[in-house]
Engineer: 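Shown below is the structure under consideration.
Each ligand, and each atom within it, is numbered from 1 in the order the structure gives. Side chains included, hydrogens not; waters and symmetry mates left out as well; all remaining heavy atoms used.
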Amino acid sequence: MPKPVLDTDRLRLQRFSRRDHATYDEAARKSLPELNEWLPWARLDYEHGDTIAFIRESMQAWKEERAWDYSIRFKSDPERHVGSVSLWTVSKLGKIAEFGYWVRTDEHSKGICTEAVDRLLEEAFNSLGYHKVTLRIAVGNHASDRVAEKLGFTREGILREELLIRGNWVDHTLWSLLDREFRALRRGEVRGTR
Ligand SMILES: CC(C)(COP(=O)(O)OP(=O)(O)OC[C@H]1O[C@@H](n2cnc3c(N)ncnc32)[C@H](O)[C@@H]1OP(=O)(O)O)[C@@H](O)C(=O)NCCC(=O)NCCS
């Protein structure tokens, strides 16, 4: 099981608790116009009940070891939800995990997502023993593609009509990073971006 709290220089990633309702709800609703473009759950009629359901499900999934969601916080402002990063197993046999993430719109392009995902990759490969981590990114989501590139992921190909977003079936790019690639990047053997 991953650790409930993970630190980076600037950030703290922590599992969700009931105390997070208000700050999560505010961040999600303020960011809806952008989240709605790329994430199936972020409907424009998203309401407080959806936040309550999300946090309840997140706590339950953690307990049942199905999925691990983290709230991203600045260490300097620990009560404010800045974004989410999640990890779940897609193949036990293949030791494959998938990641998902979002960052509140008013904090974009400050390196927050990259820093948070990088920390969770360390946990996935070094503590949890995954062999491969994947991302599914909607075609056209260039900010998310950029995060994958910066972290050294490889573009594997296109998954056709993978998710229904705003009533349309959207093609997604499958990106992946292997444990040995992650370790080589950490040792500085290959460039961090391609
Ligand atoms: C994708 C997302 C999580 C990135 O979060 P972030 O904290 O801004 O990410 P980072 O700052 O670590 O990196 C973003 C990179 O994309 C770049 N970028 C931002 N918008 C871009 C765009 N429209 N086209 C190309 N690059 C873009 C930034 O400049 C930055 O690259 P750089 O460091 O080389 O300058 C955020 O945009 C988001 O929440 N989007 C909506 C939800 C979403 O798409 N989630 C991912 C689903 S797969």
Side-chain angles (χ1 to χ4, degrees), residues 6-14 16 20 23-44 46 50-51 54 58 67-77 80-88 90 96-122 124 132-177 182 185 190-194:
L6 302 170
D7 281 339
T8 70
D9 286 347
R10 262 191 313 175
L11 307 173
R12 168 155 290 187
L13 317 184
Q14 59 192 44
F16 285 95
D20 298 327
T23 184
Y24 181 91
D25 199 58
E26 187 265 342
R29 288 214 240 183
K30 265 204 176 142
S31 306
L32 268 186
E34 188 159 13
L35 299 180
N36 174 260
E37 266 192 69
W38 308 115
L39 299 170
W41 58 265
R43 301 176 328 275
L44 290 177
Y46 184 95
D50 293 310
T51 292
F54 165 73
S58 176
W68 298 279
D69 302 312
Y70 289 87
S71 172
I72 305 171
R73 309 289 170 100
F74 283 115
K75 283 178 175 169
S76 58
D77 189 4
R80 180 168 170 262
H81 180 82
V82 174
S84 299
V85 58
S86 307
L87 148 80
W88 60 95
V90 290
I96 304 172
E98 181 170 354
F99 278 27
Y101 44 71
W102 63 272
V103 167
R104 53 185 298 153
T105 303
D106 54 9
E107 299 287 359
H108 277 184
S109 296
K110 296 179 182 173
I112 293 167
C113 184
T114 306
E115 189 170 322
V117 172
D118 190 50
R119 179 63 188 87
L120 198 53
L121 285 170
E122 192 181 311
K132 177 173 176 173
V133 167
T134 60
L135 304 170
R136 284 178 299 161
I137 299 179
V139 169
N141 188 348
H142 301 303
S144 191
D145 282 339
R146 182 73 194 122
V147 170
E149 280 169 0
K150 286 196 288 182
L151 289 165
F153 280 70
T154 293
R155 202 186 288 261
E156 287 200 6
I158 298 295
L159 301 164
R160 296 187 308 147
E161 300 199 0
E162 178 73 1
L163 285 174
L164 188 61
I165 302 176
R166 293 185 298 175
N168 297 312
W169 286 103
V170 178
D171 290 353
H172 280 62
T173 307
L174 179 69
W175 292 83
S176 67
L177 183 69
F182 176 74
L185 284 165
V190 285
R191 282 192 317 136
T193 57
R194 20 182 139 156

Engineer: Tell me every residue that passes side-chain contact (heavy atoms from CB on, under 4.5 Å) with Asp7, counting only those two or more places apart in sequence or in another chain.
Structural biologist: Val5, Arg12, Lys75

Engineer: Report every pair formed by an N or O atom of ligand 1 and a protein N or O atom separated by less than 3.5 Å, giving atom names and the distance to 0.1 Å.
Structural biologist:
residue: ligand 1; atom: 7 (O); partner: Cys113; partner atom: N; Å: 3.0
residue: ligand 1; atom: 8 (O); partner: Ser109; partner atom: N; Å: 2.7
residue: ligand 1; atom: 11 (O); partner: Lys110; partner atom: N; Å: 3.4
residue: ligand 1; atom: 11 (O); partner: Gly111; partner atom: N; Å: 2.8
residue: ligand 1; atom: 12 (O); partner: Thr114; partner atom: N; Å: 3.0
residue: ligand 1; atom: 12 (O); partner: Thr114; partner atom: OG1; Å: 2.5
residue: ligand 1; atom: 13 (O); partner: Lys150; partner atom: NZ; Å: 3.0
residue: ligand 1; atom: 33 (O); partner: Lys150; partner atom: NZ; Å: 2.7
residue: ligand 1; atom: 34 (O); partner: Arg146; partner atom: NE; Å: 2.8
residue: ligand 1; atom: 34 (O); partner: Arg146; partner atom: NH2; Å: 3.1
residue: ligand 1; atom: 39 (O); partner: Val103; partner atom: N; Å: 2.8
residue: ligand 1; atom: 39 (O); partner: Val103; partner atom: O; Å: 3.3
residue: ligand 1; atom: 39 (O); partner: His108; partner atom: NE2; Å: 3.4
residue: ligand 1; atom: 44 (O); partner: Asn141; partner atom: ND2; Å: 2.7
residue: ligand 1; atom: 45 (N); partner: Tyr101; partner atom: O; Å: 2.9

Engineer: Below 6.0 angstrom between ring centroids: does that apply to Trp41 and Phe54?
Structural biologist: no

Engineer: Looking at Arg155 and Glu149, is there a salt bridge between them, counting it only when a charged N and a carboxylate O are closer than 4.0 Å?
Structural biologist: yes

Engineer: Which pairs, with at least one residue in residues 26-42 and sequence neighbours excluded, count as a salt bridge (charged side-chain N to carboxylate O under 4.0 Å, His left out)?
Structural biologist: Asp25-Arg29, Glu26-Lys30, Glu26-Arg104

Engineer: For the residue pair Phe99 and Leu121, establish whether any side-chain heavy-atom pair is separated by less than 4.5 Å.
Structural biologist: yes

Engineer: State which residues pass side-chain contact (heavy atoms from CB on, under 4.5 Å) with Ser71; sequence neighbours excluded, sorted by chain then number.
Structural biologist: Gln14, Phe16, Arg73, His81

